[in-house]
Amino acid sequence: MQLRLVGVGLLAVALSGCANWGFDSNVSPEGIKDYYKGDNVTLYTKAKLEGLNYVTLGSIEGEACQIEASEAPPKEADARASVRRRAADMGANGVLLDRCIRFDEMPGCIEQVLCSGQAIKVAK
């Protein structure tokens, strides 16, 4: 019985050290807000916009870039996310995506994906 109490006591002491654990991140609260602000922007095709009322707010571009050879190649999904964030900055709730193009050996990028489209405000 005494051995069992000692074990419980040691467990309690060990776990009490866990109470002071912290979490460090290299992402600031502002960075998180910026990263997710395009979540409410929908990607549309011309067919999906048929019959909907919308206004075009302007042309936009987004990119994903591989700067170092040790980095993963850029993803089209990241370039589309960049377009959506820029559309959100313009007050848009949608994007009519024109195209995404992959380039090699661009200035500053080993490989780059560039997406372009129109920021739109769709009536709900």
Below 4.5 Å, heavy atoms only, C-beta onward: do [X] and [Y] meet side chain to side chain?
| X | Y | result |
| --- | --- | --- |
| S116 | R99 | yes |
| C100 | L114 | no |
| K46 | L49 | no |
| V95 | Y44 | no |

Which heavy atom of A79 sits nearest to which heavy atom of C115, and what is that distance?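 Closest heavy-atom pair between A79 and C115: CB-SG, 3.6 Å.
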
For A119 against A87, the heavy-atom pair lying closest together: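 Looking at all heavy atoms of both residues, the shortest contact is CB-CB, 4.1 Å.
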
Give the cluster check for [X] versus [Y]: same hydrophobic cluster or not, with ILVMFWY residues linked at side-chain heavy-atom distances below 4.5 Å.
| X | Y | answer |
| --- | --- | --- |
| F103 | V113 | no |
| V83 | L96 | no |
| L57 | V41 | yes |
| M106 | I67 | no |
| M90 | L43 | yes |

Closer than 3.5 angstrom, by distance alone: can the side chain of [X] be matched with the main-chain N or O of [Y] as a donor-acceptor pair?
| X | Y | answer |
| --- | --- | --- |
| N93 | V122 | yes |
| Q66 | E71 | yes |
| R84 | G62 | no |

Mind checking the [atom1]-[atom2] spacing from [X] to [Y]? Nearest 0.5 Å is all I need.
| X | Y | atom1 | atom2 | answer |
| --- | --- | --- | --- | --- |
| E61 | I101 | CD | CD1 | 9.5 Å |
| D98 | I60 | CG | CD1 | 9.0 Å |
| R102 | E76 | CZ | CD | 7.5 Å |

With a cut-off of 6.0 Å (strictly less than), are more than 12 heavy atoms of other residues, nucleotides or ligands near CG of D104?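 Yes, the 6.0 Å shell around CG holds more than 12 heavy atoms from other groups.
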
Of all residues at least two apart in sequence or in a different chain, which pass the salt bridge (charged side-chain N to carboxylate O under 4.0 Å, His left out) check with E63?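 Listed in chain order: nothing, the list is empty.
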
